[in-house]
Q: 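Pasting a structure here, questions to come.
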4 protein chains.
Amino acid sequence: MKTRDKIIHAALELFNENGEPNVTTNHIAAHMGISPGNLYYHFRNKEEIIHCIFDEYAQELRVRFQPREEAALSSDSLLQYLDAVFMLMWRYRFFYANLPDILSRDSELQHKYLQAQENLHQDIMTVMRHFRTLGLVTLDDEELQSLANTLKLVASSWICYQTAQAPQAKITKAVIYQGVLQILSIIRPLTSAQGREVVLQLESHYCNQVRRDVS
Amino acid sequence: MKTRDKIIHAALELFNENGEPNVTTNHIAAHMGISPGNLYYHFRNKEEIIHCIFDEYAQELRVRFQPREEAALSSDSLLQYLDAVFMLMWRYRFFYANLPDILSRDSELQHKYLQAQENLHQDIMTVMRHFRTLGLVTLDDEELQSLANTLKLVASSWICYQTAQAPQAKITKAVIYQGVLQILSIIRPLTSAQGREVVLQLESHYCNQVRRDVS
Amino acid sequence: MKTRDKIIHAALELFNENGEPNVTTNHIAAHMGISPGNLYYHFRNKEEIIHCIFDEYAQELRVRFQPREEAALSSDSLLQYLDAVFMLMWRYRFFYANLPDILSRDSELQHKYLQAQENLHQDIMTVMRHFRTLGLVTLDDEELQSLANTLKLVASSWICYQTAQAPQAKITKAVIYQGVLQILSIIRPLTSAQGREVVLQLESHYCNQVRRDVS
Amino acid sequence: MKTRDKIIHAALELFNENGEPNVTTNHIAAHMGISPGNLYYHFRNKEEIIHCIFDEYAQELRVRFQPREEAALSSDSLLQYLDAVFMLMWRYRFFYANLPDILSRDSELQHKYLQAQENLHQDIMTVMRHFRTLGLVTLDDEELQSLANTLKLVASSWICYQTAQAPQAKITKAVIYQGVLQILSIIRPLTSAQGREVVLQLESHYCNQVRRDVS
DNA sequence: TATGAATGAGCGTTCATTCAT
DNA sequence: GATGAATGAACGCTCATTCAT
């Protein structure tokens, strides 16, 4: 792994652990055992590091969240889907903890973020229309929009919200799985009998995951 | 108004406007036309100011969100209820934009926050059980818990989420009302015919508010 | 003397001694035995310190170089005149050693500098027209302009030029007096018999000064 | 052209354009498309580059300013003379803008500079004595010394002085020619009738040059 | 109560220079 | 000859906080 990538990952690690405002470029360099000058050899400034982290995040989001025909069909692949998204959010959780501040400092990043959000929204809508076609949910277009917004908001706020509840506690996978369960609990009342089946399967899976993780 | 209170309100104003990390104690003092020394005469440190702001917030939350028997009955008082809560969040919106960071610095505040959250949860549960008794919603206990959690999360994340979407734009009342509408859209699928009536009334009210505010 | 003024004078001293680019704000603070924070309490930044030094310089220049009717008549007051100007340049000599660089960084200062130069030019012209009226020099208007430009250039370049010749040697008063003699040697060929008398008197005075200062 | 020479010329170009203190060794390397390591393979340090630039300058000065018997006779060759000197100064103008600073850092360079100045002085004296012999000027030895000093000072300060007047404006050839005119205006009052003829010819030539260059 | 000068650790960043390859 | 990653001291500057008055 190249130094540049190591910096990105060290920064991500420290940002997640201590919050971006509390991590200085000198901290990152010291943590890695390199000089501050070397860090600035690879990045123009701290902002650029954050930028690059975001790019990695957005790239992964694109890849992981690519809606596929088959994805919607089996509850198995749906499961991988949810897993992937929440894990992604967990790996870049520092970002969610300071989003307004980080974005207000960097209008280019703001633009990229909005783009990513827009893509995400489209993908969620695609997946959900697919569900409707399959008869898993029964919603009109407006309700679908509302649901997509709620899901986006809940998903992207989950980690920040949980962190606020217990900042000292490390965010564990169990917390992530509870987030998925929260999402499922929002969807459940909107499903058809057939859809409910799928949701219940997923819920039982994640309940087990939480139980395993806690113990 | 005493200097101490003036400091609290000046700080709140500046925090909301520029974000807590971007407001120094000297800014606050300069904005008020007092000396930094005087500010520190009234408060041991910046943290204590935030602490006091939180106390005011929690106090107001307690008062405004006191569930009353009659409140649940008329959609009119329910409306005042929702209004009050969202306005409260708007007046203390800086808090929501940096919650994890602020809490991680101050464990006493963290404790108070959890207390307040717990109270809020109980109150929401009380109100919703009342709704159920009145036949407005049809949910079992577990669904009620889930819903309460979702509502709490959506409500408390709304402003932060919207700020991230458009940091340059000031948060207007219209944005707040859209938050209420989002909440209502989550509740709507869970209502009985009778409950739906109430929700629709509220929705039309807030739609009008948004329209009025935008123009 | 207030700290603010002490900073200005400490900065001036260090700038003159070591050159402005080689003097950091921390050097100034350390030299004075104050903290860097205190320095920045009194000045927004290094540029502002330079700005203030220039203001003091320009102010003194205005006062000292105010052409007065009687000034031109006696070689005695002319002498004080020349003394004052060169001493002024000596006290702010750091400025002359880096003028292009300093001005290119600060367009407001650039503007003030041009203003000061313009005033100086007018004053020199006034004095010299006076000389002409008194029959001390015999020059047409165009020659007068040329002479004024030459004198301004020689005077304002003198210290910088001498510093280049011997950077290690401190600029002494003798060097200053030699500058005055250089100026006089430019004027001498342009004088009438009467004017030559005055120049010779001045030259002999400054020759003595140089001799006294060297020994 | 060897890399070593390319570095010298790239550095000269950048120094002239942006001022020596604002040009880093990395800038120079990047501008040339070579690595910083390569630059330091050819030069021990930044100082050495400046040193070499000075050597080229001094070398050219020696060549161009070699006083020749015939040079003094025709105003044509005198013209080439003046042109050459001012152009030389223009090509190495960065040097004049920071002379005291540059020399104070490097005592060896200081020594070379003084040597060059001494040579220049001798050459100017030779030329001017020649003029006297030809009856173009009427000056005693002491006046000749004074004049030589004035001319040296005016010539070597011209570009720095003009840069200070307008740092944003690039120094054009017109500015250079105005410098020559300033020099001529100093000499003019000291000429014989015959000498004045020559000066007037030169002045009209340079006036035309300035006019051509400005338009 | 209030002032405002003063503190000092630490921030993000720069840049002449080195060195293994 | 050449690369380019790496160094580290130092820069200009910030800000929560203190304290004599």
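Owing to the predicted nature of the structure, the values given are computational and were not obtained by experimental measurement. Each chain gets a letter, A, B and so on, in the order the sequences are listed, and its residues count up from 1.
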Q: Are R93(D) and E17(D) within salt-bridge range, i.e. N to O under 4.0 Å?
A: no
Q: Quick check for you: among dG8(F), dG12(E), dA2(E), whose closest atom lies nearest to any side-chain atom of S35(A)?
A: dG8(F)
Q: Counting only Watson-Crick pairs (N1-N3 plus N6-O4 or O6-N4) and G-U wobbles (N1-O2, O6-N3), all under 3.5 Å, who is the partner of dA20(E)?
A: dT3(F)
Q: Assess whether atom NE2 of H111(A) is packed by more than 12 heavy atoms of other residues, nucleotides or ligands within 6.0 Å.
A: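 Counting other residues, nucleotides and ligands, NE2 of H111(A) stays at 12 neighbours or fewer.
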Q: Can you tell me the base-pairing partner of dG8(F)? Count Watson-Crick or G-U wobble geometry only, both distances below 3.5 Å, and say none if there is no partner.
A: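 Check on dG8(F): paired to dC15(E), both distances under 3.5 Å.
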Q: Please tell me which of the listed nucleotides, dA6(F), dA16(E), dA2(E), lies nearest to the side chain of H42(A)?
A: dA6(F)
Q: dA2(F) C1' sits how many Å from K6(D) NZ, rounded?
A: 12 Å
Q: Please determine whether a side-chain nitrogen of the Lys or Arg among E20(A) and R105(A) lies less than 4.0 Å from a carboxylate oxygen of the Asp or Glu.
A: yes
Q: Choose from dT13(E), dC13(F), dT17(E) the nucleotide whose nearest atom is closest to any side-chain atom of T25(A).
A: dT13(E)
Q: Can you tell me if the side-chain N/O atoms of T3(D) get under 4.0 Å from OP1 or OP2 in dG1(F)?
A: no
Q: Separation of K2(A) atom NZ from dA6(F) atom C1', in whole Å?
A: 14 Å
Q: Between C1' on dG12(F) and CD1 on I49(C), what's the gap in Å once rounded to a whole number?
A: 11 Å
Q: Atom CZ of R105(C) and atom P of dC11(F): how far apart are they, to the nearest Å?
A: 14 Å
Q: Is H27(C) touching bases, backbone alone, or none of the nucleic acid, heavy atoms closer than 4.0 Å?
A: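 H27(C): backbone/sugar contact only, no base atoms under 4.0 Å.
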Q: Could you tell me whether a side-chain N or O of S35(A) sits under 3.5 Å from a main-chain N or O of N38(A), the two making a donor and an acceptor?
A: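 Flag set: sc S35(A) to bb N38(A) pair under 3.5 Å.
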Q: Using a heavy-atom cut-off of 4.0 Å across all strands, would you classify T24(B) as base, sugar-phosphate, or nothing?
A: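 Here T24(B) touches the backbone only, sparing every base.
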Q: Heavy atoms under 4.0 Å, any strand shown: does I34(B) hit a base, just sugar-phosphate, or nothing?
A: sugar-phosphate
Q: May I have the distance from L39(D) (atom CG) to dC15(E) (atom P), rounded to whole angstrom?
A: 15 Å
Q: Nearest whole Å is fine: how far is dG1(F) C1' from D5(D) CG?
A: 15 Å
Q: Closest to the Y40(D) side chain: dG4(F), dT1(E), dA16(E)?
A: dA16(E)
Q: Assign N38(C) to base, sugar-phosphate, or nothing according to its heavy-atom contacts below 4.0 angstrom with the strands shown.
A: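 It contacts base atoms.
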Q: Can you tell me how far P of dT17(F) sits from CZ of R44(B), to the nearest Å?
A: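 After rounding, the gap between these two atoms is 10 Å.
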Q: For F95(D) and Y92(D), what are the C-alpha separation, side-chain angles and deciding distance, and is it a ring pair (Phe, Tyr, Trp, His ring centres under 6.0 Å)?
A: CA-CA 6 Å; F95(D) 211 74; Y92(D) 295 90; 7.9 Å; no
Q: So, OP1 or OP2 of dC15(F): does either fall under 4.0 Å of a side-chain N or O from N26(B)?
A: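 Negative; the distance criterion is not met.
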Q: Please figure out whether E47(B) or Y41(D) has its closest DNA chain F nucleotide nearer the 5' end.
A: Y41(D)
Q: What is the distance from CG of N45(A) to P of dC11(F), rounded to the nearest Å?
A: 22 Å
